[in-house]
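I have placed the structure first, in the form of structure tokens, so that the comments after it can refer back to it.
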Amino acid sequence: MTTLGLIRHGVTDWNDEYRTQGHSDIPLNERGRNQAELLSKRIGMEHWDYIYSSDLSRALETAEIIGKIKNIEVRTDPRLREMNCGLIEGTTEQERVKRWGYGWSRLDLGIESNDEIVKRGKQCLTDISLRHPDQNILIVSHGAFLGTTLKRLVPHVDMTESLLNTSITLLNTGQSRWNCSLYNCTKHL
């Protein structure tokens, strides 16, 4: 059985400002680096064979902090990027309402659809798990990407709580479906 440890990256200034990040390449802030360090200490006591990451710096830096303590080279895959948020990238809710009105979320603003995210996410996670059968793989990515993909991969698990920064969620490949044995765990914080 292959185990995937899905991790949301550490905090950025834009997270703190409630700005939509999407594909914008925003780095971790000091608190985010500290979160990644705390996570790496937890991960350091566990067995992991590979680390994959989004190529965006906030996820990649989180993965590299973990990889350093585990002595595992981080592999990037652009399919692990956050959803493309189109014209709303870099904006807050208040700025979106001011610019496009309260109905902004119903407008075509170039935002990647949930179906597109799920297709990309399922294919990527399946490819990685098939590439490394019966191994433990960490995957560092983004909140909307992971949350949207997880809701379709494991619909039988309650996922009403949004993924927290540096949380870890464990998935294993079952005989007929994916299984989630841990969701949104931040005990290292």
Side-chain angles (χ1 to χ4, degrees), residues 1-10 12 15 20-28 32 36 39-40 43 46-67 70 72-86 88-89 110-157 159 161-185:
M1 176 171 40
T2 301
T3 298
L4 302 180
L6 305 178
I7 297 169
R8 182 180 178 200
H9 64 80
T12 70
N15 287 130
T20 299
Q21 294 180 104
H23 283 193
S24 297
D25 200 10
I26 308 306
L28 295 178
L39 176 60
S40 74
I43 297 293
E46 301 171 357
H47 174 76
W48 295 97
D49 301 298
Y50 295 93
I51 301 174
Y52 282 82
S53 175
S54 157
D55 59 345
L56 296 175
S57 63
R58 58 193 182 269
L60 184 56
E61 185 176 0
T62 302
E64 287 172 340
I65 290 169
I66 297 165
K70 294 295 292 174
I72 299 174
E73 182 180 336
V74 176
R75 301 170 183 209
T76 59
D77 190 323
R79 295 179 296 174
L80 294 169
R81 279 185 169 209
E82 181 59 290
M83 70 183 290
N84 183 341
C85 293
I88 70 166
E89 289 195 18
I111 300 169
E112 186 176 12
S113 74
N114 286 349
D115 287 340
E116 292 169 319
I117 295 165
V118 170
K119 181 179 178 182
R120 175 167 57 97
K122 285 173 71 172
Q123 187 62 59
C124 183
L125 297 182
T126 299
D127 289 351
I128 289 171
S129 64
L130 290 174
R131 192 175 307 133
H132 305 291
D134 299 318
Q135 293 187 303
N136 299 323
I137 301 120
L138 289 172
I139 296 175
V140 184
S141 189
H142 308 269
F145 171 81
L146 290 173
T148 303
T149 302
L150 282 167
K151 285 177 186 169
R152 296 271 182 97
L153 282 180
V154 285
H156 50 283
V157 175
M159 295 187 189
E161 183 181 309
S162 295
L163 291 172
L164 300 172
N165 290 95
T166 68
S167 66
I168 185 163
T169 297
L170 297 179
L171 286 186
N172 355 67
T173 53
Q175 294 203 357
S176 61
R177 67 180 186 180
W178 292 86
N179 296 305
C180 182
S181 59
L182 182 69
Y183 178 72
N184 203 23
C185 182

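Throughout, residue positions are numbered sequentially from 1 according to the sequence presented.
Asn84 meets the side-chain hydrogen bond (donor to acceptor under 3.5 Å, both in side chains) test with no other residue; sequence neighbours excluded. A search for side-chain hydrogen bond (donor to acceptor under 3.5 Å, both in side chains) contacts involving Asn184 returns Glu161, Ser167, not counting sequence neighbours. Legend: residues meeting side-chain hydrogen bond (donor to acceptor under 3.5 Å, both in side chains) with Thr166, ordered by chain and number and at least two apart, are His188. The salt bridge (charged side-chain N to carboxylate O under 4.0 Å, His left out) check on Arg79 picks up Asp77, Asp127, with sequence neighbours excluded. Residues passing the salt bridge (charged side-chain N to carboxylate O under 4.0 Å, His left out) test with Glu89: none are found, sequence neighbours excluded. In this structure, the salt bridge (charged side-chain N to carboxylate O under 4.0 Å, His left out) partners of Asp55, at least two apart in sequence or on a different chain, are Arg81. Under the salt bridge (charged side-chain N to carboxylate O under 4.0 Å, His left out) criterion, Arg152 pairs with Asp115, sequence neighbours left out. Under the side-chain contact (heavy atoms from CB on, under 4.5 Å) criterion, Ala63 pairs with Ile51, Ser53, Val74, Val140, not counting sequence neighbours. In this structure, the ring-ring contact (aromatic ring centres under 6.0 Å, His included) partners of Tyr50, at least two apart in sequence or on a different chain, are His132. Residues forming a side-chain hydrogen bond (donor to acceptor under 3.5 Å, both in side chains) with Ser113 (at least two apart in sequence, or on another chain): Glu116.
Listed for the Asn165 side chain is a donor-acceptor partner under 3.5 Å among the backbone atoms of His9. The main-chain N or O of Asn114 is never found under 3.5 Å from a side-chain atom of Thr148 such that the two would form a donor-acceptor pair. Checking side-chain atoms of His142 against main-chain N and O of Arg8 turns up no donor-acceptor pair under 3.5 Å. The backbone N or O of Gln21 sits less than 3.5 Å from a side-chain atom of Ser24, completing a donor-acceptor pair. Here the side chain of Lys70 pairs no donor or acceptor atom with the backbone of Ser40 at under 3.5 angstrom. With hydrogens and angles disregarded, a donor-acceptor distance shorter than 3.5 Å links the side chain of Asp49 to the backbone of Asn136.
Atoms CG and CD1, on Leu138 and Ile66 in that order, are 6.0 Å from each other to the nearest 0.5 Å. A distance of 11.5 Å separates CG in Leu153 from OG1 in Thr173, rounded to the nearest 0.5 Å. Taken from CD1 in Ile65 to CG in Leu60, the straight-line distance is 10.0 Å, to the nearest 0.5 Å. Taken from CG in Leu170 to SG in Cys180, the straight-line distance is 7.5 Å, to the nearest 0.5 Å. Of the inter-residue distances, the one linking Arg58 atom CZ with Ser141 atom OG reads 9.0 Å to the nearest 0.5 angstrom. Separating the CG atom in Leu182 from the OG1 atom in Thr169 is a distance of 6.5 Å, to the nearest 0.5 Å.
Residues Thr126 and Trp178 meet the side-chain proximity criterion, which asks for heavy atoms closer than 4.5 Å. Annotation: side chain of Thr20 is not in contact with side chain of Glu82 (no heavy-atom distance under 4.5 Å). Using a 4.5 Å heavy-atom threshold, the side chains of Met83 and Phe145 count as separate. The shortest distance between side-chain heavy atoms of Val154 and Tyr183 does not fall below 4.5 Å.
Residue pairs meeting the salt bridge (charged side-chain N to carboxylate O under 4.0 Å, His left out) criterion with at least one member in residues 130-143, sequence neighbours excluded, do not occur.
When each of Leu125, Leu171, Thr2 is tested with Ile137 by the rule side-chain contact (heavy atoms from CB on, under 4.5 Å), just one qualifies, namely Thr2. Ser57 pairs with exactly one of Thr12, Thr62, Asp25 by the side chain to side chain donor-acceptor pair (under 3.5 Å) rule, that one being Asp25.
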**Message:** Between Leu163 and Leu6, is the side chain to side chain contact (heavy atoms under 4.5 Å, CB included) condition met? List the steps.
**Reply:** CA-CA 10 Å; Leu163 291 172; Leu6 305 178; over 6 Å; no
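Shown here for Asn172 and Ser181, the closest heavy-atom pair between the two residues is ND2-OG, 4.2 Å.
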